Amino acid sequence: MSEKVLIVDDEKDFLDALAERMRARGMDVTTATSPIEALALVARKSFDAIVLDFQMPELDGLETLKRMKESNDDVQVIVLTGHATIERGVEVMKHGAADFVEKSSDINSLTEKIHEASAKKLIIAEERTREKIQNILEEKGW
């Protein structure tokens, strides 16, 4: 099963190149060139991982991350930046980012982070299913 990944970046050439590289690794990739477009996609579709550029017009990565997490707490967002700082990394992680990486990072490293985020989303879904089953059993007195 290929991971469903949303890549969000306002730099079209970078976005297209990254999407192509992820598709070559067997991923089902959707792209968005703006945070607004990405938020609309996240409202309609489920993704295993989202790769989100930090520096964009309209909304920055942090505000976009917050909005994505408000609409779906399970969403696994990897924030991508051209100018990483420890402070920025800490800030996005505090707001629920799955990870924070530089755009110049090795493609294999980003691929691994996508796999990890996808696995985490699956684990969260399984835990919630177990909790629901446990609650039903408890309600029935079992």
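Note that the coordinates shown come from a computational prediction; the quantities given were computed from them, not determined experimentally.
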Are more than 12 heavy atoms from other residues, nucleotides or ligands located less than 6.0 Å from atom [atom1] of [X]?
| X | atom1 | result |
| --- | --- | --- |
| Glu20 | CD | no |
| Lys69 | NZ | yes |
| Asp13 | CG | no |

Mind checking whether [X] and [Y] have side chains closer than 4.5 Å, heavy atoms only?
| X | Y | answer |
| --- | --- | --- |
| Met27 | Thr111 | yes |
| Thr64 | Val77 | no |
| Thr81 | Val92 | no |
| Thr30 | Leu41 | yes |
| Lys12 | Asp16 | yes |
| Ile123 | Glu127 | yes |

Quick one: does any side-chain atom of [X] pair with a main-chain N or O of [Y] as donor and acceptor, under 3.5 Å?
| X | Y | result |
| --- | --- | --- |
| Glu37 | Thr33 | yes |
| Ser118 | Ile114 | no |
| Gln76 | Asp74 | yes |
| Asp60 | Phe54 | no |

(request) Check which hydrophobic residues are tied to Leu137 through side-chain heavy-atom contacts below 4.5 Å, counting indirect links as well, and list them. (result) Ile133, Trp142
(request) Please write out which residues are connected to Leu122 in a hydrophobic cluster, directly or through intermediates, given that two of Ile, Leu, Val, Met, Phe, Trp, Tyr count as joined at side-chain heavy-atom separations below 4.5 angstrom. (result) none
(request) Please check if Ile124 and Val75 belong to a single hydrophobic cluster, counting links between Ile, Leu, Val, Met, Phe, Trp and Tyr side chain heavy atoms closer than 4.5 Å. (result) no
Kindly compute the distance separating [atom1] ([X]) from [atom2] ([Y]), expressed to the nearest 0.5 Å.
| X | Y | atom1 | atom2 | answer |
| --- | --- | --- | --- | --- |
| Asn108 | Arg21 | CG | CZ | 8.0 Å |
| Ile50 | Lys121 | CD1 | NZ | 7.5 Å |
| Asp9 | Phe14 | CG | CZ | 5.5 Å |
| Ile36 | Glu58 | CD1 | CD | 5.0 Å |
| Arg25 | His115 | CZ | NE2 | 9.0 Å |
| Ile78 | Leu65 | CD1 | CG | 11.5 Å |

So which atom in [X] and which in [Y] form the shortest heavy-atom distance, rounded to 0.1 Å?
| X | Y | answer |
| --- | --- | --- |
| Val29 | Ala19 | CG1-CB, 3.8 Å |
| Glu91 | Leu62 | CG-CD2, 3.6 Å |
| Pro35 | Met56 | CG-CE, 3.6 Å |
| Ala32 | Leu15 | O-CD2, 3.7 Å |
| Gly61 | Leu52 | O-CD2, 3.5 Å |
| Asp48 | Ser2 | OD2-O, 4.2 Å |

(message) For a side-chain contact (heavy atoms from CB on, under 4.5 Å) check, start with the C-alpha distance between Val8 and Leu80, then their side-chain angles and the critical distance, and finish with the verdict.
(response) CA-CA 9 Å; Val8 187; Leu80 199 60; over 6 Å; no
(message) For Glu11, give me all partners under salt bridge (Lys or Arg N to Asp or Glu O under 4.0 Å), at least two apart in sequence or on another chain.
(response) Lys103
(message) Using a strict threshold of under 4.0 Å (side-chain N to carboxylate O), is an ion pair present between Lys66 and Glu70?
(response) no
